[in-house]
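Okay, so here's the structure we're looking at.
Computed from heavy atoms alone, side chains included, the values below leave out hydrogens, waters and symmetry copies. Here is the naming used below: chain letters follow the sequence lines, and residue numbers restart at 1 for every chain.
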2 protein chains.
Amino acid sequence: MPKVSDDRLAARRREILDGARHCFAEYGYDGATVKRIEESTGLSRGAIFHHFKDKEALFLALAQEDAERMADVAAEAGLVQVMRDVLARPQDFDWLGTRLEIARKLRTDKSFRDAWLGHSADLEKATLDRLERGRASGRLREDVPTEVLVKYLDLVLDGLITRLATGQPTDDLHAVLDLVEESVRVSR
Amino acid sequence: MPKVSDDRLAARRREILDGARHCFAEYGYDGATVKRIEESTGLSRGAIFHHFKDKEALFLALAQEDAERMADVAAEAGLVQVMRDVLARPQDFDWLGTRLEIARKLRTDKSFRDAWLGHSADLEKATLDRLERGRASGRLREDVPTEVLVKYLDLVLDGLITRLATGQPTDDLHAVLDLVEESVRVSR
């Protein structure tokens, strides 16, 4: 067997993730069958499951990527900016709708939930750190504990994703996000 | 055939709705097969579909009941109180998790979405009316249009239901709802 370079492996892994993301967005978690993932990645199941143990692992890897990207934005510019990014390019977040379909799985499958919540924890940590910095610089309101503010922003993000995933309009939410942003800041 | 009284019909309808609610909560939308709905209602499919055209109609009737109940509370005490009720008795709202599973259907099935959004409109109207009264009595902040406040509260409710449906803890959300409530009121 020829030795496959690390670059080649990384590129292959990238192809699989991108194809699978489209596939989940289009067909949902259950609808994204192995056959459809083969079609959308242009690769055989052998090649796909060489990189990822199973569909669940592939799905969680995508969730991990998102969480990392969101955590980067949250660390730099805050969770409200993450939400503004979602509003600005809803099509990039299409596949997040799938996370609604896995609600039952999250509720009933402990190891799946643990893996999933591990990613959320990264995002929460990044948000918390940024808020703490905001507090240090006097931008953040003083009368509510930072953890409450994080949970609040998190709840709004969940609402936003749900709204997007159910096909409701989101272009009227910019003013709502202004209100959310303001409500974590020092007194108006 | 003996004539069945209106009371009897109403009681039967009630039985079907209660049984179906449990069935949806336990198995989800797709998992709530006709056979399982028969089991949880203790009635035959003939009896069930005498009252409701199909599973979709049954599901929408339950959504309508919820929307009416929430609209009553929202009209009287506001949408934040609706959310406090959800936090106080999460088990009563178990079945709402199903609404996440139908996200795809909402997104892709226009007539289903129209029926569903019709119920949301009632709740939105009740919330809007209550906010307008709050504005008249000087409790509501003046610097944000009422429609923006309604959308804001609605978004938080969506987040709350999502959190509940994915089995995440909700008992730490009381302080978050205090913040939400305060953020629609006149300046702190």
Query raised in the report: Val184(B), Val73(B): one ILVMFWY side-chain cluster at the under-4.5 Å cut-off?
Result: yes
Query raised in the report: Listed by residue number, which members of residues 112-125 of chain A have a heavy atom under 4.5 Å from any heavy atom of chain B?
Result: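 Interface residues of residues 112-125 of chain A: Arg113(A), Leu117(A).
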**Report entry** chain A contact residues among residues 33-55 of chain B, heavy-atom distance under 4.5 Å
**Finding:** none
Query raised in the report: What residues of residues 75-90 of chain B sit under 4.5 Å from chain A when you count only heavy atoms?
Result: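 Within residues 75-90 of chain B, no residue comes under 4.5 Å of chain A, counting heavy atoms only.
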What pairs of donor and acceptor atoms, side-chain ones from residues 148-162 of chain B against any protein atom, are under 3.5 angstrom apart with sequence neighbours left out?
residue, atom, partner, partner atom, Å
Lys151(B), NZ, Asp172(A), OD2, 3.0
Tyr152(B), OH, Tyr152(A), OH, 2.7
Tyr152(B), OH, Ser183(B), OG, 2.7
Asp154(B), OD2, Arg163(A), NH2, 3.1
Asp158(B), OD1, Arg99(B), NH2, 2.7
Thr162(B), OG1, Thr162(A), OG1, 2.6
Thr162(B), OG1, Asp158(B), O, 2.8

Query raised in the report: Looking at Asp178(A), Val176(A), Leu106(A), Leu173(A), which has the largest count of heavy-atom pairs under 4.5 Å with chain B?
Result: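 Of Asp178(A), Val176(A), Leu106(A), Leu173(A), Val176(A) has the most heavy-atom pairs under 4.5 Å with chain B.
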Report task. Among Ala175(A), Pro145(A), Ala165(A), single out the residue with the greatest number of heavy-atom pairs under 4.5 Å to chain B. Result -> Ala165(A)
